[in-house]
Amino acid sequence: MCSAETQAAALAALLSAALGGAETRIEATCDRIRIEADLPGELAAAAHAALLSALAAGARYGHRRVSGGAETVWVEIDVDVEIDKDGPRQPDSPRTPRAPRTPRAPRSK
């Protein structure tokens with residue numbers, strides 16, 4: 001498993017790489033970590049695909065225009081979610097589903 005901070009660092013690296021080495025900003029609160037980056041004027045098709053892949057790796061993502069027409073993308077992860085080889089899971093959730101219950105025999109009247 002990896003911590004939320006490790007996942008945030010990996011997402012920041014993915015986002016930066018997708019945007020040609022753009023600087024990322026990381027903001028953390030008690031329940032989430034947000035990674036932001038400014039978009040360049042134009043994105044090649046491969047960079048656009050890499051950007052979408054990086055954003056999809058988070059819990060939430062978005063895009064906004066800031067003053068002067070500049071654009072920013074952001075991706076968030078939840079701090080209380082643990083990541084293991086099978087993907088995100090809540091800390092107290094079981095790794096495997098419970099075994100199905102055996103049906104009871106119908107009651108006789």
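We number each residue from 1, following the sequence as shown.
Under the rule for a side chain to side chain donor-acceptor pair (under 3.5 Å), the partners of Thr6 that lie at least two apart in sequence or sit in another chain are Ser3. By the side chain to side chain contact (heavy atoms under 4.5 Å, CB included) test, Leu14 pairs with Leu11, Ala54, sequence neighbours left out. Taking the salt bridge (charged side-chain N to carboxylate O under 4.0 Å, His left out) definition, one finds that Glu5 meets it with nothing, sequence neighbours left out. The side chain to side chain contact (heavy atoms under 4.5 Å, CB included) search around Leu52 returns His48, not counting sequence neighbours. Residues that satisfy the side chain to side chain donor-acceptor pair (under 3.5 Å) test with Ser53, not counting sequence neighbours, are absent from this structure.
Hydrophobic clustering of Ile, Leu, Val, Met, Phe, Trp and Tyr side chains at less than 4.5 Å, counting indirect connections, unites Tyr61 with Val79.
Put simply, the side chain of Thr72 does not reach to within 4.5 Å of the side chain of Arg65, judged on heavy atoms. Between Leu55 and Val75, the closest side-chain pair of non-hydrogen atoms falls below 4.5 Å. A heavy-atom distance below 4.5 Å is found between the side chains of Leu51 and Leu39.
Of the possible polar contacts, one joining the Ser16 side chain to the Ala22 backbone as a donor-acceptor pair under 3.5 Å is found.
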- Task: Show the numbers, then the answer: is there a side-chain contact (heavy atoms from CB on, under 4.5 Å) between Arg32 and Arg60?
- Result: CA-CA 10 Å; Arg32 64 150 179 89; Arg60 288 166 300 285; 4.1 Å; yes
- Message: side-chain contact (heavy atoms from CB on, under 4.5 Å) for Asp38 and Val73? Distances and angles first, verdict last.
- Response: CA-CA 6 Å; Asp38 296 328; Val73 291; over 6 Å; no
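Between Glu27 and Arg25, no side-chain nitrogen of the basic residue sits less than 4.0 Å from a carboxylate oxygen of the acidic one, so the salt-bridge criterion is not met.
Contacts classified as salt bridge (Lys or Arg N to Asp or Glu O under 4.0 Å) and involving residues 39-50 (residues at least two apart or in different chains) are not found.
To the nearest 0.5 Å, the span separating CG on Asp78 from CD1 on Ile33 amounts to 9.5 Å.
Test Arg64, Glu76, Glu23 against Glu36 for side chain to side chain contact (heavy atoms under 4.5 Å, CB included) and you get one pass: Arg64.
Minimum interatomic distance between Ala8 and Ile77 (heavy atoms only, all atoms of both residues): N-CD1, 3.7 Å.
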